[in-house]
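These notes are about the structure you will find just below.
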2 protein chains.
Amino acid sequence: MRYDGRLSRMLHVLIHMARHEGAATSELIAQMLNTNPVVVRRTMAGLREQGYVHSEKGHGGGWTLSRRLEEMTLLDVYRAVGEPPLFAIGPACDRPECLVEQAVNGALADAFAEAEKLLLERFAHVTLADIAADFDSRMVRHPALAGHPGSACSS
Amino acid sequence: MRYDGRLSRMLHVLIHMARHEGAATSELIAQMLNTNPVVVRRTMAGLREQGYVHSEKGHGGGWTLSRRLEEMTLLDVYRAVGEPPLFAIGPACDRPECLVEQAVNGALADAFAEAEKLLLERFAHVTLADIAADFDSRMVRHPALAGHPGSACSS
DNA sequence: CCTTATGCAACAAGCAAAGTTACAAACTCT
DNA sequence: AGAGTTTGTAACTTTGCTTGTTGCATAAGG
């Protein structure tokens, strides 16, 4: 896989959960995401530790939201999935002796630090409710796709 | 995801080349970067296609700069190495049917597009001469490391 | 020609995310 | 208490990418 899809997956599932009555099992969530239950549990563990979701074992168990979508930002979710690296480009060497390489790393680090700051600020200002609202407007435009809570993604 | 170090490596080598008399062989460059000659040739191929460097076979051959550092920006080099993906985070699925996932991808894509724009603008305004100047000022502060053109990086 | 170089293709190594299997632990319902 | 569900977790496999390596063809110089 080329990208780390954890953030995207978790956003996806959280919004689905908000529209789901009662607890959703890992199995059901896995079908929504077209993945498998163990990956779901693995990634949801981070969200549980941060108190965004709750899990219950046994009959009728599964996952439930413990916060409203208005109270969760992209930044919250990003942190809960372990703050994976944002950038795919980096220094060839972390502690170079070569002063040229130090200068190169410095120039790149400056640029990336600025971009990271922008990105995280942006994340902090987008709530999951914003995304859900975007979903609602898409549903108005494409009502035919409305009933795809478990939309498989074949790509 | 692990980092793509091509941009960093090429910046490093271009600045070294500017301070090198005559042609530099892939072997010599590989020693500077603590890597091997084939990787050097592979990555330099992109720079050659864009006309930033020139290569010569046979005795006394090797690589030479065909532009001054003032005339090359980070953006130029980034493009010449093939515009590798900047971000390590992406959608779980490129063409989702699910409207929720479409909304999620949209929100993320917006944020990343903004960050990418900032980053590339920043790249476009930094020339290799700027980095070389930073190197010079580092050398003033740490003259002991001045003679490390082939500084191995052990990390 | 013989040496020195690049050019290129093919393959192995290394790494991280994702997928899978297996099983223990906890909970519910009868 | 016992049967059936569901999470929790560890271990392993698969996949996709960059990097490393080998081998050989090609071209330039002496």
Side-chain angles (χ1 to χ4, degrees), chain A residues 1-10 12-13 17 22-31 33-49 53-64 66 81-94 152-155, chain B residues 1-10 12-13 17 22-31 33-49 53-64 81-94 152-153 155:
Chain A
M1 302 278 168
R2 193 159 152 201
Y3 294 120
D4 186 322
R6 281 175 290 187
L7 175 58
S8 168
R9 283 204 311 271
M10 287 303 102
H12 187 179
V13 73
M17 284 170 66
T25 65
S26 301
E27 179 60 41
L28 174 63
I29 293 173
Q31 286 170 11
L33 270 52
N34 200 38
T35 179
N36 77 74
V38 178
V39 174
V40 170
R41 288 198 272 270
R42 200 147 63 195
T43 320
M44 298 280 278
L47 295 177
R48 183 184 53 223
E49 279 163 24
V53 297
H54 175 74
S55 64
E56 201 91 41
K57 290 180 178 177
H59 256 302
W63 300 85
T64 48
S66 19
V81 297
E83 307 195 37
L86 289 171
F87 300 105
I89 287 183
C93 166
D94 282 329
C153 175
S154 50
S155 79
Chain B
M1 183 190 274
R2 200 164 160 263
Y3 289 128
D4 185 322
R6 281 176 287 188
L7 176 57
S8 169
R9 282 206 310 274
M10 286 304 102
H12 186 178
V13 73
M17 283 171 67
T25 65
S26 301
E27 179 61 41
L28 175 62
I29 293 173
Q31 286 170 13
L33 300 181
N34 200 38
T35 178
N36 77 73
V38 179
V39 174
V40 171
R41 286 198 272 269
R42 198 145 64 193
T43 322
M44 297 280 278
L47 296 176
R48 184 184 50 221
E49 280 163 22
V53 297
H54 175 74
S55 64
E56 201 89 42
K57 290 181 176 177
H59 257 302
W63 300 86
T64 48
V81 297
E83 307 194 37
L86 289 171
F87 300 105
I89 287 183
C93 166
D94 281 329
C153 175
S155 77

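Naming convention: chains lettered A, B, ... in sequence-line order (proteins, then strands); numbering from 1 in each chain. Every value quoted in this text rests on a predicted model; they were computed, and no experiment measured them.
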- prompt: Which value, rounded to the nearest 0.5 Å, describes the distance between B:Met44 atom CE and B:Trp63 atom CH2?
  reply: 5.0 Å

- request: Can you tell me the distance, in whole Å, between the NE2 atom of A:His54 and the C1' atom of C:dC27?
  value: 11 Å

- prompt: Looking only at atom types and distance, does a side-chain atom of A:Ser8 sit under 3.5 Å from a main-chain N or O of B:Pro91, one as donor and one as acceptor?
  reply: no

query: Which whole-number value in Å describes the distance from B:Leu33 CG to D:dT18 C1'?
result: 15 Å

task: Give a yes/no answer on whether the side chain of A:Ser55 brings an N or O atom under 4.0 Å of OP1 or OP2 in D:dG8.
output: yes

Most 5' of B:Ala24 and A:Pro84 on DNA chain C, judged by nearest nucleotide: B:Ala24

Write down the protein N/O and nucleotide N/O pairs, taken from nucleotides 27-30 of chain D, whose separation is under 3.5 Å; answer none if there are no such pairs.
unit_1	atom_1	unit_2	atom_2	d
D:dA27	O4'	B:Lys57	NZ	3.4

- prompt: OP1, OP2 of C:dG19 versus side-chain N and O of A:Thr35: anything below 4.0 Å?
  reply: yes

Whole-Å gap separating P (C:dA17) and CG (A:Asn34): 21 Å

- prompt: Taking all atoms of both residues into account, what is the closest heavy-atom pair of A:Pro37 and A:Ala30, and its distance?
  reply: N-CB, 3.5 Å

- prompt: Expressed in angstrom and rounded to an integer, what is the separation of B:Tyr3 atom OH from D:dT18 atom P?
  reply: 15 Å

- request: Report yes if a side-chain nitrogen or oxygen of A:Ser26 is closer than 4.0 Å to either non-bridging phosphate oxygen (OP1 or OP2) of D:dT6; otherwise report no.
  value: no

field: Set of side-chain contact (heavy atoms from CB on, under 4.5 Å) partners for B:Thr43, sequence neighbours left out
entry: B:Arg6, B:Arg9, B:Met10, B:Val39, B:Val81

statement: With the side chain defined as heavy atoms from C-beta on, A:Val38 is closest, among D:dT9, D:dT7, D:dT19, to D:dT9

Residues forming a side-chain contact (heavy atoms from CB on, under 4.5 Å) with B:Thr64, sequence neighbours excluded: B:Ala23, B:His54

field: Whole-Å distance separating the CZ atom of A:Phe87 from the P atom of D:dC17
entry: 21 Å

Whole-Å gap separating P (D:dG8) and CG (A:Asn36): 15 Å

query: Could you state the CZ-P distance from B:Arg6 to D:dC17, rounded to the nearest angstrom?
result: 11 Å

- line: By salt bridge (Lys or Arg N to Asp or Glu O under 4.0 Å), B:Arg41 pairs with (sequence neighbours left out) none

message: Tell me every residue that passes side-chain contact (heavy atoms from CB on, under 4.5 Å) with A:Ala24, counting only those two or more places apart in sequence or in another chain.
response: A:His20, A:Leu28, A:Ile29

- prompt: Rounded to the nearest Å, what distance is computed from the CD1 atom of residue A:Ile89 to the P atom of nucleotide D:dT18?
  reply: 10 Å

query: In residues 39-49 of chain A, what residues come within less than 4.0 Å of DNA chain D, judged by heavy atoms?
result: A:Arg41, A:Arg42, A:Arg48

- prompt: Does the side chain of B:Pro84 come within less than 4.5 Å of A:Ile89's, by heavy atoms?
  reply: yes

statement: A:Tyr3 and B:Phe87 have their tightest heavy-atom pair at CE2-O, 3.6 Å

